[in-house]
There are 2 protein chains.
Amino acid sequence: MKNPRSLSDEALAQIARRFAVLSEPMRLRLLQAMFDGEKSVNELVDLTEGTQANVSRHLQTLAQAHMVGRRKEGLQVFYAISDPSIFKLCEMVCGSLEKQLARQAGAFA
Amino acid sequence: MKNPRSLSDEALAQIARRFAVLSEPMRLRLLQAMFDGEKSVNELVDLTEGTQANVSRHLQTLAQAHMVGRRKEGLQVFYAISDPSIFKLCEMVCGSLEKQLARQAGAFA
DNA sequence: TTACTATATGAGTATATGCTCATATAAAGC
DNA sequence: GCTTTATATGAGCATATACTCATATAGTAA
């Protein structure tokens with residue numbers, strides 16, 4: 001019996017990919033660092049305390065997912081959040097985690 | 001210079017973990033299959049066309065993340081979505097993907 | 001040109017996780 | 001007890017990806 005799926009395999013793969021991009025703590029740190037506006041790679045390296053190579057790689061991942069935009073200015077490259085849904089997504093996940101952690105002591109104070 | 005992060009490493013890891021749970025197409029298929037109510041493992045195997053072993057494993061992952069609940073009735077185990085934020089999360093991701101696709105499509109028009 | 005700076009990337013390694021096969025566990029009926 | 005059915009899980013393999021180190025590329029200035 002063939003089952004009727006409302007979303008194609010292709011669509012599900014894209015949704016999954018999007019969640020995967022958000023599933024690395026370092027990338028979340030980078031997004032968090034960009035919450036108040038665009039930042040150069042070096043600024044992001046300082047803010048996240050990551051290595052330059054690693055920060056650069058994660059920024060490519062975020063850019064390929066169209067979650068951040070790239071602006072070059074001289075030697076520097078500035079990245080900024082380009083998809084406003086990111087903010088809401090993170091809010092929602094934080095919210096449901098807070099509810100879950102309500103029984104325990106929270107790291108979200 | 002120490003940077004002030006608004007979310008602890010622990011909190012970021014938990015948020016990342018939550019996104020990771022949603023980053024597998026098979027798990028999204030399972031959630032989609034449960035959108036209209038609870039289902040037994042066998043029903044989910046049929047609906048997703050996966051193997052019993054694999055479906056069972058993914059259900060454990062979803063249950064550990066408190067996204068689905070488990071109810072045992074005789075020989076069968078019924079799973080159901082227990083975290084309503086799942087619906088909104090998927091809606092939002094679908095929405096922002098649609099926008100992206102519309103832009104791409106527009107570029108070819 | 002050379003030197004310096006900011007960013008990106010190739011190569012290699014380590015770890016995580018998804019999948020399958022086979023088997024284990026649990027519940028019900030005989 | 002034994003058998004059947006529904007679900008869970010251990011073991012092993014394959015792949016994906018995060019990380020580091022070293023180097024490449026691009027832009028600026030002398």
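Every chain is numbered from 1, with letters handed out A, B, ... down the list of sequences. Please read all numbers here as calculations on a predicted model, not as lab measurements.
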Identify all pairs in which a protein N or O lies below 3.5 Å from an N or O of nucleotides 9-12 of chain C, and state each distance.
unit_1: C:dG10; atom_1: N7; unit_2: A:R57; atom_2: NH2; d: 2.9
unit_1: C:dG10; atom_1: O6; unit_2: A:R57; atom_2: NH2; d: 2.3
unit_1: C:dA11; atom_1: N6; unit_2: A:R57; atom_2: NH2; d: 3.2

Could you go over nucleotides 25-27 of chain C and give all protein N or O partners under 3.5 Å, atom names and distances?
unit_1: C:dA26; atom_1: O3'; unit_2: B:K72; atom_2: NZ; d: 3.4

Give, for atom CD1 of B:I15 and atom CD of A:Q32, the distance between the pair rounded to the nearest 0.5 Å. 8.0 Å

Is B:Y79 close enough to D:dA8 that one of its side-chain N or O atoms is under 4.0 Å from OP1 or OP2 there? yes

Round to the nearest Å and state the distance from B:H58 atom NE2 to C:dT17 atom P. 12 Å

Mind listing the closest non-hydrogen atom pair of A:S96 and B:D83 along with its distance? OG-OD2, 3.5 Å

Here the distance between atom P of C:dA6 and atom CG of A:D46, to the nearest Å, is 11 Å

Which part of the nucleic acid, if any, lies within reach of B:R17 when heavy atoms closer than 4.0 Å are counted: base, sugar-phosphate only, or nothing? sugar-phosphate

Over all strands shown, is A:F78 touching base, sugar-phosphate only, or nothing at heavy-atom distances under 4.0 angstrom? nothing

May I ask you to list the residues of residues 36-43 of chain B, by number, that have any heavy atom positioned under 4.0 Å from an atom of DNA chain D? B:S40, B:V41, B:N42

It should be established whether A:R70 places a side-chain nitrogen or oxygen under 4.0 Å from OP1 or OP2 of nucleotide C:dT7. no

Would you mind telling me which of B:D36, B:L31, B:L62 makes a side-chain contact (heavy atoms from CB on, under 4.5 Å) with B:I81? B:L31

Can you give me the closest heavy-atom contact between A:A33 and A:L44, atom names plus distance? CB-CD2, 3.7 Å

